[in-house]
J.: 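There's a structure below that I have some questions on.
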Amino acid sequence: AALPPALVRSIETFIVDIPLRRVHKLSRAVLTHQSYLIVRLTTADGIQGIGEATVPGGPWWSGESVEAMRALFLSHIAPLLEGRDIFSANAIMAEIDQVAYANAALKSAVETALLDAAARTLSIPMSGLFGGRIAEALPVLWVLATGELEADIAEAQEKLASRLHRRFKIKVGRGDPGDDARRAAETANAIGCPCSIDLNEAWSFADTALAQAILEGSGVDILEQPLPRADLPGLADLARRSSLAIMADESACSASDMVAIIRERAASYVSLKISKSGGPSRMLAIARMAQAAGINLFGGTALDSSIGTAANLQCCSTLPLAGGTELFMPLLLADDILEEPLIYRDFCVEVPSGAGLGVTIDEAKLRHYERK
Ligand code: MUC
Ligand code: MG
């Protein structure tokens with residue numbers, strides 16, 4: 001007998017590797033491509049839901065990898081999804097937590113696929129499931145990560161001239177901390193735009209204090225995750241020492257992380273990402289905690305493709321962001337796997353207006369970039 005309409009009938013997974021337009025250098029990783037695990041559900045009446053699991057640059061960020069996520073998904077999680085009602089995401093996610101500890105990015109892909117299918121079934125954008133959007137386009141910064149002063153400045157000037165970005169994040173932490181801080185200050189001053197720097201946990205307290213003294217009064221106004229994720233007292237001390245704001249990224253993955261950050265007053269900005277938090281619902285819960293504590297909300301990226309970017313946009317558009325977003329990755333990828341790319345213009349990225357995520361995968365592109 002045919003299944004009732006909202007039940008999951010089939011599940012597919014794809015690992016895709018998409019090259020970057022240029023090398024992207026983070027403090028502990030050098031990227032030439034980014035890998036994604038895509039989960040696609042199809043309901044009995046043919047509605048599809050897609051979600052993407054992303055770990056930026058590989059396992060160094062959180063220990064997760066597309067390969068391990070796919071193995072865990074196929075053996076332990078897909079069986080929980082077969083035949084289930086797509087309108088019971090909360091119950092399904094709670095069951096998945098019983099079966100698998102951690103694995104936030106994979107859980108994010110699963111919840112996103114369920115919510116995408118549910119919203120498509122209702123013919124509303126996913127943002128409608130969270131009470132609706134408060135913005136149709138969100139400011140988007142560009143991430144400078146060539147590691148070279150001149151190349152970063154030239155890239156920023158080009159982005160500014162084409163009215164794509166007027167805020168930048170500079171990736172540092174590979175070289176001497178003083179040199180890196182001076183390079184960031186010089187970059188910000190040459191561009192004449194506000195900039196943040198992201199260390200991905202690379203600096204010690206002493207390194208950061210030195211950098212703060214150099215950056216004070218430069219165009220760099222936000223210091224993202226200078227210290228290891230567990231060092232909240234260190235972040236709180238740094239926040240008190242300088243006018244540069246501290247943004248928590250790796251320190252702020254879960255709701256309990258957020259409780260600790262609020263208690264310690266360890267950050268004044270939080271970078272929100274569905275992938276590190278285990279999906280849209282949990283990211284939104286963390287955002288509301290931060291909002292209640294007076295911490296500014298920023299729309300972060302795990303270097304998501306257009307699919308994960310669309311999912312983050314659907315969530316972030318429902319929040320009172322104070323720092324805009326860094327949902328820039330579709331422009332750094334050398335190709336897109338969507339039929340219609342996301343729209344970047346006037347220093348913003350538009351929130352897709354169609355049903356669900358509001359994006360459609362290009363099947364030929366998906367097959368082309370799928371790992372063989
Ligand atoms: C991170 O830690 O912020 C975001 C932008 C980028 O270049 O790397 C990521 C991950
Ligand atoms: Mg970061």
Side-chain angles (χ1 to χ4, degrees), residues 18 20-36 52-65 104-105 108 138-148 151-152 155-156 159 165 167-174 180 184 187 195-203 208 220-229 231 235 244-253 257 261 266-277 283 286 296-306 308-309 311-313 316 323-333 349:
I18 308 181
L20 308 190
R21 291 187 187 279
R22 60 141 170 79
V23 176
H24 198 68
K25 295 184 180 169
L26 313 186
S27 65
R28 290 181 289 146
V30 175
L31 285 60
T32 55
H33 72 279
Q34 175 63 43
S35 303
Y36 303 97
E52 169 182 291
T54 319
V55 280
W60 69 281
W61 206 95
S62 62
E64 300 160 284
S65 65
S108 179
L138 302 175
V140 57
L141 64 69
W142 178 261
V143 181
L144 298 168
T146 69
E148 307 292 333
D152 277 358
E155 192 174 87
K159 298 293 175 185
H165 312 277
R167 180 174 183 93
F168 298 89
K169 161 159 139 176
I170 309 163
K171 286 292 201 176
V172 290
R174 304 181 67 74
D180 273 359
T187 306
C195 293
S196 49
I197 62 171
D198 188 1
L199 278 305
N200 290 111
E201 313 177 280
W203 280 350
T208 315
V220 175
D221 55 5
I222 300 176
L223 212 48
E224 180 176 336
Q225 200 68 49
L227 306 181
R229 63 190 75 193
D231 190 3
L235 290 176
L244 269 70
I246 299 287
M247 181 182 287
D249 184 5
E250 285 89 335
S251 291
C253 294
D257 287 349
I261 288 171
S268 51
Y269 280 86
V270 59
S271 177
L272 302 165
K273 309 178 183 182
I274 58 171
S275 66
K276 68 176 180 178
S277 302
M283 188 206 94
I286 292 165
N296 285 342
L297 309 182
F298 177 72
T301 182
L303 302 179
D304 312 75
S305 85
S306 330
T309 297
N312 277 289
L313 284 169
C316 284
T325 78
E326 59 177 9
L327 292 165
F328 79 114
M329 190 58 176
L331 298 180
L332 182 62
L333 292 172
V349 53

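Atoms within each ligand, like the ligands themselves, are counted from 1 in listed order. Along the sequence shown, residues carry numbers from 1.
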J.: Is a side-chain donor or acceptor of Q34 paired with a backbone partner of V55 at a separation under 3.5 angstrom?
T.: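 Looks like yes, one N/O pair under 3.5 Å.
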
J.: Does a salt bridge link D304 with K273, judged by any charged N lying under 4.0 Å from a carboxylate O?
T.: no

J.: To check you understand the geometry: which heavy-atom pair defines the closest contact between T208 and L227, and what is its length?
T.: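 Nearest pair, atom of T208 first, then L227: OG1-CD2, 3.6 Å.
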
J.: At what distance is the nearest protein heavy atom to atom 2 (O) of ligand 1, and which residue and atom is it?
T.: N200 ND2, 2.6 Å

J.: Taking non-hydrogen atoms only, is V143 closer than 4.0 angstrom to ligand 1 via side chain, backbone, both or neither?
T.: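 The answer is the side chain.
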
J.: Which of the atoms in ligand 1, numbered in the order shown and given with their element, are less than 4.0 Å from a heavy-atom of D198?
T.: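 Selected atoms, number and element: 1 (C), 2 (O), 3 (O).
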
J.: Give the residue and atom name of whichever protein heavy atom lies nearest to atom 7 (O) of ligand 1, and the separation in Å to one decimal.
T.: H24 NE2, 2.7 Å

J.: Taking only heavy atoms of T301, which atoms of ligand 1 are found under 4.0 Å from at least one of them?
T.: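 Those atoms are 4 (C), 5 (C), 9 (C), 10 (C).
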
J.: Check if K273 has a non-hydrogen atom at a distance under 4.0 Å from any atom of ligand 1.
T.: yes

J.: K169: heavy atom below 4.0 Å from ligand 1, yes or no?
T.: yes

J.: Which protein non-hydrogen atom lies closest to atom 6 (C) of ligand 1, naming both residue and atom, and how far is it?
T.: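 For atom 6 (C) of ligand 1, the nearest protein heavy atom is K171 CE, 3.2 Å.
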
J.: Which atoms from ligand 1 have a heavy atom of L303 less than 4.0 Å away?
T.: 5 (C), 6 (C), 7 (O), 8 (O), 9 (C)

J.: Let me check your reading of the structure: within less than 2.8 Å of the Mg ion (ligand 2), is there an N/O/S atom from E250?
T.: no

J.: Determine, using heavy atoms of E224 and all atoms of ligand 1, whether some pair is separated by less than 4.0 Å.
T.: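 Under 4.0 Å: yes for E224.
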
